[in-house]
Amino acid sequence: MSKNAAEKREALFEKLKTKGVSPERLRYLRKIADDGASPDIIKRLRTDMKKEMSVQDIADLFGISRQGVYHHIKGDASQLDQGDRGSLKELRPFTVPPHQQQCSLYNYITAHMKYALNPDPANFTPVRWRELTHWWETLDKNEIIVHDPEQPGNEVAQCGGWRLEDREKDDGDLIVRPHGKPSAQQRKVFSRKVIEKGLKQGNE
């Protein structure tokens, strides 16, 4: 391990001490840091210590990059940081011109992505959560959202760029149709299973 990586690791341990992490837990972290990163260990940390450790902290623990952490996660979007804007950009399945980003539909899709990355209604204001769940309820299972920059304004999006089309076999259970072949993460984030989970939480 390089000197810089070792310094980052020690700084991390000091930070975790200030957060009240127990000496026993710190010894465990030192042990797994020496053993090296693995998908199971990283997912366990993202579950057991999500409040104490960000993706960057896990990267510093093992002396790897954030991208290295995501590589170990292998597309499990529920393990990503909600605030990771880079991930949101990479996961967005189409490039949308600025004026078409003003549409409510674009904002709903973004809110859906944020929920998929961190499925906790507490991350939304009560009003925003009601709006998102209402939007989910309006989505027809037999239709899919399509982005087309040349699409004129319509009932789906007055600013244009969006329309609904009949679902095709290749669409699977996606709620949007990506411009290209969807990645494993995009299939997870834009699956109707995310909506089903969200609506179930909303009714609890």
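Just so it is clear, the model here is predicted, and its values are computed rather than measured.
The pair E14-K19 does not count as a salt bridge, with every side-chain nitrogen at least 4.0 angstrom from each carboxylate oxygen. A salt bridge links D34 with R9: at least one charged nitrogen is closer than 4.0 Å to a carboxylate oxygen. One finds no salt bridge joining E143 and R167 here, because no Lys/Arg side-chain nitrogen approaches an Asp/Glu carboxylate oxygen to under 4.0 Å.
Side-chain contact check for N107 versus Q102: every heavy-atom pair is 4.5 Å or farther apart. Using a 4.5 Å heavy-atom threshold, the side chains of F124 and R130 count as separate. Looking at heavy atoms from C-beta onward, K8 lies out of side-chain contact with L12 at the 4.5 angstrom threshold. Residues E131 and R128 have side chains in contact (heavy-atom distance under 4.5 Å, counting atoms from C-beta outward). Residues F190 and P93 meet the side-chain proximity criterion, which asks for heavy atoms closer than 4.5 Å. Residues L16 and M53 have side chains in contact (heavy-atom distance under 4.5 Å, counting atoms from C-beta outward). Within the 4.5 Å cutoff, side-chain heavy atoms of F94 are placed close to those of V176. Side-chain contact between L105 and V156 is present, with at least one heavy-atom pair separated by less than 4.5 Å.
Going from atom OG1 of T18 over to atom CD of E52 covers 11.0 Å, rounded to the nearest 0.5 Å. Taking CD1 of I41 as the start and NZ of K31 as the end, the distance is 8.0 Å to the nearest 0.5 Å. D171 CG to N142 CG: the interatomic distance, rounded to the nearest 0.5 Å, is 11.5 Å. Rounding to the nearest 0.5 angstrom, the gap separating the CZ atom in R177 from the CZ atom in R163 is 8.5 Å. With rounding to the nearest 0.5 Å, the separation of NZ in K197 from CG in L199 is 12.5 Å. In this structure, CG on L29 lies 6.5 Å from CG on L45, to the nearest 0.5 angstrom.
Contact detail for G160 and C103: the closest heavy-atom pair is O-SG, 4.1 Å. What you find for L174 and I144 is that their closest heavy atoms are O-CD1, 3.7 Å. The two residues V194 and A116 have their closest heavy-atom pair at CG1-CB, 3.9 Å. Nearest heavy-atom pair across L26 and K17 is CD1-CG, 3.5 Å. The two residues P149 and Q100 have their closest heavy-atom pair at O-NE2, 3.0 Å.
With hydrogens and angles ignored, the 3.5 Å screen pairs a side-chain donor or acceptor of N154 with a backbone N or O of W162. Between the D60 side chain and the D57 main chain, no donor and acceptor come within less than 3.5 Å of each other. A donor-acceptor pair is defined here as one N or O able to donate and one able to accept, closer than 3.5 Å; such a pair exists between the side chain of H179 and the backbone of H147. When atom types are taken as modelled, the side chain of R46 and the backbone of I58 share no donor-acceptor pair closer than 3.5 angstrom. Judged purely by atom type and a 3.5 angstrom limit, Q151 has no side-chain atom pairing as donor or acceptor with the backbone of D148.
The local environment of CD in Q158 is sparse, with at most 12 non-hydrogen atoms from other residues, nucleotides or ligands closer than 6.0 Å. By the neighbour-count criterion of 12 heavy atoms within 6.0 Å, atom NE2 of H99 is densely surrounded, having more than that number from other residues, nucleotides or ligands. The local environment of CD in E137 is crowded, with over 12 non-hydrogen atoms from other residues, nucleotides or ligands closer than 6.0 Å.
Between the side chains of H112 and W136, a donor-acceptor pair is found at a separation under 3.5 Å. No hydrogens or angles considered: nothing links the side chains of S22 and R27 as a donor-acceptor pair under 3.5 Å.
For the side-chain hydrogen bond (donor to acceptor under 3.5 Å, both in side chains) test, no residue two or more places apart in sequence or in another chain qualifies with K169. Every residue two or more places apart in sequence or in another chain that forms a salt bridge (Lys or Arg N to Asp or Glu O under 4.0 Å) with K193 is listed here: D173.
W135 pairs in a ring-ring contact (aromatic ring centres under 6.0 Å, His included) with only one of the listed residues (Y115, W129, Y108), which is Y108.
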> Going through the checks in order, is the side chain to side chain contact (heavy atoms under 4.5 Å, CB included) test met by I32 and R44?
Replying inline: CA-CA 11 Å; I32 63 173; R44 193 178 307 157; over 6 Å; no
>> Working note: R25 + M49, criterion side chain to side chain contact (heavy atoms under 4.5 Å, CB included); need CA distance, chi angles, decisive distance, verdict.
In response: CA-CA 10 Å; R25 174 63 70 169; M49 299 193 68; 3.7 Å; yes
